[in-house]
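Nothing fancy with the numbering, it's 1 onward along the sequence. Not measured: the values here are computed from a predicted model.
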Amino acid sequence: MAYIIKPIVTEKMTRITEKEGKYGFICRPEANRLQIKAEIEARYNVSVTGISTMVYAGKNKSRFTRSGLIKGRTNRFKKAIVTLKEGETIDFYSNI
């Protein structure tokens, strides 16, 4: 089962990657650290030394339109910050 949804490629995460060698991923909320580690090592052929996870709750959103007020909710998700073995990198842009 795929627990990783997508990598985080933002300015802040790119700065952390260059400075500390850590990578960010959006994961399914039910995934644990061992499952995330196994999937990253299998998908990218790297050695993971540490994982930090954070769970984000879904938020209520609303906006005003011509037809009235539209209400909705964003999904909850888990973010994993992965530390790799010294000297290893992940290239997210190789498939483009």
Side-chain angles (χ1 to χ4, degrees):
M1 179 179 227
Y3 293 106
I4 297 174
I5 297 172
K6 64 181 180 179
I8 300 172
V9 184
T10 59
E11 290 181 15
K12 183 177 181 180
M13 198 68 234
T14 304
R15 196 173 323 117
I16 292 171
T17 299
E18 291 171 355
K19 187 180 278 188
E20 302 174 21
K22 296 182 179 183
Y23 295 85
F25 295 92
I26 302 290
C27 303
R28 297 170 56 105
E30 63 270 7
N32 63 29
R33 293 172 194 231
L34 298 175
Q35 294 166 336
I36 294 169
K37 178 181 178 179
E39 188 169 344
I40 289 173
E41 287 178 346
R43 188 180 289 187
Y44 296 108
N45 290 329
V46 292
S47 299
V48 176
T49 58
I51 296 179
S52 299
T53 58
M54 298 146 249
V55 177
Y56 289 86
K59 297 180 182 177
N60 292 323
K61 298 275 185 165
S62 62
R63 67 172 189 242
F64 295 96
T65 63
R66 283 187 184 174
S67 59
L69 182 68
I70 297 175
K71 293 184 178 181
R73 188 165 177 85
T74 61
N75 294 333
R76 69 186 194 120
F77 64 95
K78 181 179 273 190
K79 183 165 78 170
I81 306 298
V82 177
T83 306
L84 300 181
K85 187 178 174 183
E86 189 70 33
E88 293 187 348
T89 59
I90 296 175
D91 185 19
F92 294 126
Y93 303 108
S94 64
N95 295 339
I96 296 177

Separation between [atom1] of [X] and [atom2] of [Y], rounded to the nearest 0.5 Å:
X: Ser47; Y: Ile40; atom1: OG; atom2: CD1; value: 12.0 Å
X: Thr74; Y: Asn60; atom1: OG1; atom2: CG; value: 8.0 Å
X: Arg15; Y: Thr10; atom1: CZ; atom2: OG1; value: 8.5 Å
X: Ile16; Y: Glu11; atom1: CD1; atom2: CD; value: 12.5 Å
X: Arg73; Y: Lys59; atom1: CZ; atom2: NZ; value: 11.0 Å
X: Ile5; Y: Ile26; atom1: CD1; atom2: CD1; value: 7.0 Å

Quick check: is [Y] connected to [X] through a chain of hydrophobic side chains (ILVMFWY, heavy atoms under 4.5 Å apart)?
X: Val82; Y: Met13; result: no
X: Tyr44; Y: Ile8; result: no
X: Val55; Y: Phe25; result: no
X: Val46; Y: Ile36; result: yes
X: Ile4; Y: Val48; result: yes

So, [X] side chain and [Y] main chain: donor-acceptor pair closer than 3.5 Å or not?
X: Thr17; Y: Lys22; answer: yes
X: Thr49; Y: Thr83; answer: yes
X: Glu39; Y: Ala2; answer: no

Give me the atom names and distance for the closest heavy-atom approach of [X] to [Y].
X: Arg33; Y: Ser52; answer: NH1-CA, 4.3 Å
X: Leu69; Y: Ser62; answer: CD1-CB, 4.0 Å
X: Glu30; Y: Gln35; answer: O-OE1, 4.0 Å
X: Glu88; Y: Tyr23; answer: O-OH, 4.5 Å

Steps toward side chain to side chain donor-acceptor pair (under 3.5 Å) verdict (Tyr56, Lys79): CA-CA 8 Å; Tyr56 289 86; Lys79 183 165 78 170; 3.3 Å; yes
Can you tell me if CZ on Arg43 sees more than 12 non-hydrogen neighbours from other groups inside 6.0 Å?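 Counting neighbours around CZ of Arg43, more than 12 heavy atoms of other residues, nucleotides or ligands fall under 6.0 Å, so yes.
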Can you tell me if Glu20 has over 12 outside heavy atoms packed within less than 6.0 Å of its CD?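 Correct, the count exceeds 12.
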